[in-house]
Amino acid sequence: MQNNLFIYNSLSKKKEAFKPIHPPFVGIYVCGPTVYSDTHLGHSRPAITFDLLFRYLTHLGYKVRYVRNITDVGHLENETLGEGEDRIEKKARQEQIEPMEVVQKYVNAYHKNMEQLNTLSPSIEPRAAGHIIEQIELIKTLIKSGYGYESNGSVYFDILKYNEKYRYGKLSGRVLDELMSNTRNIEGQEEKRNSFDFALWKKASPEHLMRWPSPWSVGFPGWHLECSAMSIKYLGEEFDIHGGGIDLQFPHHECEIAQSTAALGKESVHYWMHNNMITINGQKMARSIGNFITLDQLFSGDHPALQQAYSPMTIRFFILQAHYRSTIDFSNEALQAAEKGFQKLMKAIESLKKLKPSDSSTIDVIKLKEKCYEALDDDLNSPIVLSHLFEGVRFINSVLDGSEKIDASGLESLKTLFNTFVFEILGLKDESAGIGDEKLTGELMKIIIDLRQTAKNRKEFEVSDKIRKELNNLGITIKDRKDGTPEWEKAPL
RNA sequence: GGUCGGUUAACCGAGUGGCUAGGUAGCGGUCUGCAAAACCGUUUACGGCGGUUCGAAUCCGCCACCGACCUCCA
C-alpha cells in the first residue's frame, strides 16, 4: 500500500512522509475530553481534524484503528498544588449526584454533539476509570525501573532521573534547567523530590469519592498516565499517530512521552499531531477562561454572543476552511460567511445531479482530482481542497448557464469527485434533506407555483408578487429560471 | 520573566523567492416585468524599518503589536 501523505510531526517540527509501522494497519490515538461539562466549540476542532485524518487514511485503503479516550477520573483542578479537586467529583458534589452520573451525562452529550458534527465513531473509546488495573501495572513497571517513587502513599515520576538518560521536554522545547529555575515554589509539594515531578498515583483524602485500592494506597491514578496505559493496551508499544490539542503539548504529552519511554525503553509514538485553538476576540476559547460557547448553544442560537443559530455542518465547514495548525477566529461574520459558502457548495452538488452531458468537455476533471489529493497529502490542507472544489462549483454553475460543457464520462467523474471529497473525506453532509411531510409540501408548492405562473402569464404581477412575498415570509424563496420552470427552496430552520 | 508561534485586503482564511488561493461582504455588468439565484468583471493586501537578491508577502536582522505554553484546558 502506498501513499503520498506528508504529516507535520510536532516532535521534529517538520513535514514528514507518512510511513505506517505495519501497513495496511494504522494506529491513531487522540486525547478526548474530560467529561465534566458540555462540549464547546473548541472541542470540535480536534474531533473534526482527526475525523478528517481517519476518513482520509481509510479512503486511502488503510485499516485504521482510531482510539479516542474519555477522561473520567484523575483530572485535577490544580495539578501543581497537588491538592486540587477532581473535576468530575467537584461537579458531582455541585449537582448532588454520583461522579459516574456526571460522566454518563456528559459522555452522552459529547456523543450526541459528535454525531451532529458528522464525525465517525472511534474504533475504541476507552475510559480511564475502566483501566485502573492497567495503570497500576504501568506504575509498578516504572517503580521497578527506578523512574517512579513512592511517597506517603502516592507515587511520582522522577523527572531528574529520567532526564539523565532521555531528554525531558523534547516535544515542547523545554529545557529542564529552565524549568527548575522557573518553577514557582508552592506549598503542598513536600511529597515530591522536585516540584516538576508529576503524579502517577495519588492517595485519596478521606472525603475523596473516586478511589481504588492499589499497592501504595487507596487512591486514584494521575491524569497523564491513562493515555500511556491505554495507548499501549490497544495500539501496542509503538504506534503511528498521536493527536490532540496544542494546549496539551505541555505538560500532558511531554509527561506521556516520559512515562512511555521510561516504561518501554523506547519511543512509542511515531508522529505527533497537534491541532491549534479556536479563538474568540483573538483569545483562546476555553472552559477555564469562561469565554466558550457550547455546541448546543451554537446549534440553537441561544447565547448572547450569537446573532443566529448555526447548523452543525456550518460549524464543520467553518473549521475545515482553516488549516488545522492555524488558529481560527470565531465571529458571527465568519460563521455567516461559512454558512453561505457551505450552502453554495451543497446547491452546486444538487445542480450537478441535473446536468446534461454534451459531446465535448471544457473541464479537466482528472486534473481537479489530482489537485484535491495533492492538497490533502500536504498535511491535510482542507482549505485548499475546498478552494479546488469551489472551482468545480463555478464550473457546474457555468454548465447550467450554458457557458461551459461537460461530456458524459467527465460528468460521471465529477459526480464521483464531489461525492468522494465533500461527503466521504471532508465528512460534510446535506442538511436540507429529510424535513418531514416533504412530499406533500412538494405537491402543494407545485400548485402554488402553477397559480403564480398563470397570473404571470396574464401579466397580473400584483398577484404573482403577492404569492412570492407571502411565501418569502414563510422562508420559501421562488427562483424564476430562464426556461420558465421556477424553482423553490426553503431556508433551513 | 522564559520558551514558542503569529501579524495577509471589510471579515474568515490559503500561500514561502517571480505565476490574482478560496469563501463571505461591497461595487459594476449579463440575465429578468421585478426579485432571487447564477455567471462575467472589479475595489481595498501582505505590521514597521533596514538588509540579501535581477526580483521578497515569502529569506535575514531589528522594532512594534497580538497570542499560546510555563496551573487546568481540545
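Order of the sequence lines fixes the chain letters, A, B, ..., with proteins taken first and strands second; residue numbering starts at 1 for each chain.
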Go through B:C11, B:G33, B:A74 for me and flag the one nearest to the A:M277 side chain.
B:A74
Hey, does the side-chain of A:D480 have a donor or acceptor N/O within less than 3.5 Å of a partner on the base of B:C34?
yes
Is the number of heavy atoms from other residues, nucleotides or ligands under 6.0 Å of A:K13 NZ greater than 12?
yes
By nearest atom, which of the nucleotides B:A74, B:G13, B:C39 is closest to the A:I278 side chain?
B:A74
A:R452 with A:D465: basic N within carboxylate O range, under 4.0 Å
no
Dot-bracket notation for RNA chain B is requested: 5' to 3', Watson-Crick or G-U wobble pairs only, both distances under 3.5 Å, with ( ), [ ], | and . as defined.
(((((((..(((.....[...))).(((((.......)))))....(((((..]....))))))))))))....
Using a cut-off of strictly less than 4.0 Å, decide whether A:N275 has a side-chain nitrogen or oxygen near OP1 or OP2 of B:A74.
no
Taking atom C1' of B:G22 as reference, at what distance in whole Å does atom CZ of A:F318 sit?
15 Å
On a whole-Å scale, what distance lies between the P atoms belonging to B:C65 and B:A56?
28 Å
What is the separation between atom CG on A:L426 and atom P on B:G22, rounded to the nearest whole Å?
18 Å
Stacking between A:F461 and the base of B:G33 (centre distance under 5.5 Å, interplanar angle under 30°)?
yes
Report the distance from atom CD1 of A:I449 to atom C1' of B:A36, rounded to the nearest whole Å.
13 Å
Return the value, rounded to whole Å, for the distance between atom CZ of A:R45 and atom C1' of B:A74.
10 Å
Taking A:K105 first and then A:E95, would you say they form a salt bridge - that is, a charged N and a carboxylate O separated by under 4.0 Å?
yes
Salt bridge check, A:E391 against A:K371: does any charged N sit closer than 4.0 Å to a carboxylate O?
yes
Choosing from B:G67, B:A14, B:G33, which nucleotide comes nearest the side chain of A:A322?
B:A14
Do the side-chain N or O atoms of A:K479 get closer than 4.0 angstrom to the phosphate oxygens (OP1, OP2) of B:A35?
no
B:U7 and B:G13, which share atom name P, separated by this distance in whole Å
10 Å
Side chain of A:I384 only, heavy atoms from C-beta on: which candidate in B:A68, B:A14, B:A74 is closest?
B:A14
Quickly work out the A:K344 NZ to B:A36 P distance and round it to whole Å.
16 Å
Given atom CG of A:L380 and atom P of B:G15, what is their separation to the nearest angstrom?
12 Å
C1'-based separation of B:U52 from B:A74 [nearest Å]:
42 Å
Is there a side-chain contact between A:R174 and the phosphate of B:C69, meaning an N or O under 4.0 Å from OP1 or OP2?
no
A:I328 has an atom CD1; how far is it from atom P of B:G23, in whole Å?
16 Å
Gap in Å between the two P atoms, one belonging to B:A64 and one to B:G55, rounded:
29 Å
Carboxylate-amine/guanidinium proximity below 4.0 Å for A:K192 and A:D158:
no
Heavy atoms only: give me the nearest A:R55-A:N118 pair and the separation to one decimal.
NH2-O, 2.8 Å
Counting side-chain heavy atoms from C-beta on, which of B:C34, B:C12, B:A68 comes nearest to A:D465?
B:C34
With rounding to whole Å, what would you report as the distance between B:G23 and B:A37 at their P atoms?
15 Å
Looking only at B:A21, B:A14, B:A35, the nucleotide nearest the A:R468 side chain is B:A35
Go through B:C12, B:A68, B:A74 for me and flag the one nearest to the A:D329 side chain.
B:C12
Write down the distance separating the P atoms in B:G47 and B:U8, rounded off to the nearest Å.
7 Å
Closer than 4.0 Å, any side-chain N/O of A:R394 to the OP1 or OP2 of B:C40?
yes
With a cut-off of less than 4.0 Å, is there a side-chain N or O of A:K469 near OP1 or OP2 of B:A35?
no
Between A:E470 and A:K466, does any side-chain N to carboxylate O distance fall below 4.0 Å?
yes
From CG of A:D378 across to P of B:A21 the rounded distance in Å is 16 Å
Please determine whether the number of non-hydrogen atoms from other residues, nucleotides or ligands lying under 6.0 Å from atom CD1 of A:I366 exceeds 12.
no
Quick check for you: among B:A37, B:A36, B:A14, whose closest atom lies nearest to any side-chain atom of A:T477?
B:A36
Option from A:E89, A:Q94, A:R93 for which side-chain contact (heavy atoms from CB on, under 4.5 Å) with A:K91 holds:
A:Q94
What's the closest nucleotide to the side chain of A:N381 if the choices are B:A74, B:G15, B:G33?
B:G15
Provide the distance between the two C1' atoms, one in B:A9 and one in B:G5, to the nearest whole Å.
23 Å
Answer yes or no: are there more than 12 heavy-atom neighbours, outside A:E115 itself, under 6.0 Å from its atom CD?
no
Measure across A:A258 and A:Y168 and return the closest heavy-atom pair with its distance rounded to 0.1 Å.
CB-CD1, 4.1 Å
Tell me whether the OP1 or OP2 atom of B:A25 has a side-chain N or O from A:K340 closer than 4.0 Å.
yes
Would you tell me if any nitrogen or oxygen in the side chain of A:T279 comes within less than 4.0 Å of OP1 or OP2 on B:G67?
no
Among B:A37, B:G33, B:A74, the nucleotide that comes nearest once only the side chain of A:S464 is considered
B:G33
Checking A:K15, A:R325, A:K14 against A:D379 for salt bridge (charged side-chain N to carboxylate O under 4.0 Å, His left out), the one that qualifies is A:R325
Work out how far the C1' atom of B:G17 is from that of B:C60, and round it to whole angstrom.
13 Å
RNA chain B contacts among residues 104-117 of chain A, heavy-atom distance under 4.0 Å
none
Do the two ring centres, one from A:H208 and one from A:F220, sit under 6.0 Å apart?
yes
